[in-house]
Amino acid sequence: MPELPEVETIARGLARRITGDRVESVWLGAKKEPLKSSPAEIVAVLEHSAILGARRVGKHIVVDLQRGDAGRTPAQWIVHLGMTGRVLVCEVQEPLAKHTHAVVKLASGREIRFVDPRRFGRLSVSSSAAFAAPGVEPLQVPVEEFVALFHGRKTPIKSALLNQSLLSGVGNIYADESLFRAGIRPRRRAASISRMHLKRLHAALRKVLGEAIKLGGSSVSDYVGAGGEEGFFQLRHRVYGREGEPCLVCKTPVKRIVIAGRSSHYCPRCQN
DNA sequence: ACTATTTCCTGGATGC
DNA sequence: TGCATCCAGGAAATAG
């Protein structure tokens with residue numbers, strides 16, 4: 001599932017491939033679920049716009065545009081991949097994958113395709129350059145600000161990490177992996193965690209996200225980069241998806257519990 | 001202002 | 001073999 005490192009990988013791959021290109025035309029599928037803006041609005045903003053770049057904001061891919069009309073005003077195309085979304089830059093002759101919901105034809109002759117079997121992903125456009133995620137970026141937030149996020153929160157630390165209005169971009173895999181590395185049980189109430197452990201969590205989260213970005217993300221489920229390539233961080237997972245397997249530190253079997261409907265993996269000996 | 005629960009969606013895995 | 005059921009989970013919506 002695409003979380004911060006996967007979205008970062010896709011956004012970088014996308015930026016490298018499409019920056020400086022121009023949108024010729026847009027095709028949108030019949031299903032309305034993936035669209036947050038109206039089809040007419042998406043077409044109006046994208047068509048004939050120049051692509052200035054692509055970047056990650058939280059779990060969103062933001063494509064910065066300059067409108068092709070007389071105004072040359074800034075605009076943005078925002079893509080959220082949900083669970084199974086893919087954004088691929090393809091040659092036109094490549095066969096259209098099942099569940100393709102949008103095709104953006106470029107002046108260079110290639111196409112950006114949005115494919116999403118489960119349709120949890122979302123497309124939208126904005127007629128400004130102001131898109132911002134509500135939470136703070138985990139790779140940029142200073143440690144004191146990070147610690148303060150959890151002050152007074154009774155919710156389990158795992159739920160707090162997944163809360164996008166606190167932190168932008170952390171999902172199930174990296175929440176579990178960072179909690180393991182920090183030695184904190186996922187069910188611990190956020191407010192009950194010592195300042196020292198929260199500092200440790202801040203460092204662990206940065207480290208795990210940084211390593212995952214270096215390896216191109218985790219390819220579980222159907223995640224691939226903008227060129228269709230897989231990531232390799234799934235080979236470094238220490239607890240996620242390892243229920244019953246020995247902890248890599250102490251050999252105790254990894255436990256799986258459900259928190260807020262999400263499976264959560266931890267070592268009952270290393271995490272307290 | 002928070003927190004917890006439900007809902008959306010399909011493919012792959014599992015069970016009888 | 002075939003059909004039904006379950007499960008994965010990001011985030012919006014809903015309820016408390």
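Here is the naming used below: chain letters follow the sequence lines, and residue numbers restart at 1 for every chain. Below, all heavy atoms of this structure are taken into account, side chains as well, without hydrogens, waters or symmetry copies.
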Item to check | Contact letters for nucleotides 8-13 of chain B, in which S counts primed atoms plus P, OP1 and OP2 and B counts the base, heavy atoms under 4.0 Å | outcome: BBBS--

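A:Glu137 is linked by a salt bridge (Lys or Arg N to Asp or Glu O under 4.0 Å) to A:Arg56, counting only residues two or more places apart in sequence or in another chain. Every residue two or more places apart in sequence or in another chain that forms a side chain to side chain donor-acceptor pair (under 3.5 Å) with A:Glu144 is listed here: A:Arg195. Under the ring pair (Phe, Tyr, Trp, His ring centres under 6.0 Å) criterion, A:Phe114 pairs with no residue, sequence neighbours left out. With sequence neighbours excluded, the residues forming a salt bridge (Lys or Arg N to Asp or Glu O under 4.0 Å) with A:Arg242 are A:Glu245, listed by chain and number. Annotation: side chain to side chain donor-acceptor pair (under 3.5 Å) contacts of A:Arg181 (sequence neighbours excluded): A:Glu177. For A:Phe233, the ring pair (Phe, Tyr, Trp, His ring centres under 6.0 Å) partners are A:Tyr174, A:His237, not counting sequence neighbours.
Counting to the nearest Å, the C1' atom of C:dA12 and the NZ atom of A:Lys59 are 13 Å from each other. The separation between A:Arg189 atom CZ and B:dC2 atom C1' is 13 Å, rounded to whole Å. Between A:Leu4 atom CG and C:dA11 atom P there is a gap of 11 Å when expressed in whole angstrom units. Whole-Å rounding puts the A:Ile257 CD1 to C:dC7 P distance at 17 Å.
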Please produce a list of atom pairs where a protein N or O lies less than 3.5 Å from an N or O of nucleotides 14-16 of chain C.
none

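Side-chain heavy-atom separations under 4.5 angstrom define the hydrophobic clusters, and the remaining members of the one that includes A:Val62 are A:Val57, A:Ile78, A:Phe131. Hydrophobic side-chain contacts under 4.5 Å tie A:Leu52 to no other Ile, Leu, Val, Met, Phe, Trp or Tyr residue. Using a 4.5 Å cut-off between side-chain heavy atoms of Ile, Leu, Val, Met, Phe, Trp and Tyr, A:Val249 falls into a hydrophobic cluster with A:Phe180, A:Val239, A:Val254.
Proximity of residues 142-179 of chain A to DNA chain C (heavy atom under 4.0 angstrom from any strand atom) is restricted to A:Gln164, A:Asn172.
With respect to A:Lys105 and A:Glu111, a salt bridge is recorded, a charged nitrogen being found less than 4.0 Å from a carboxylate O.
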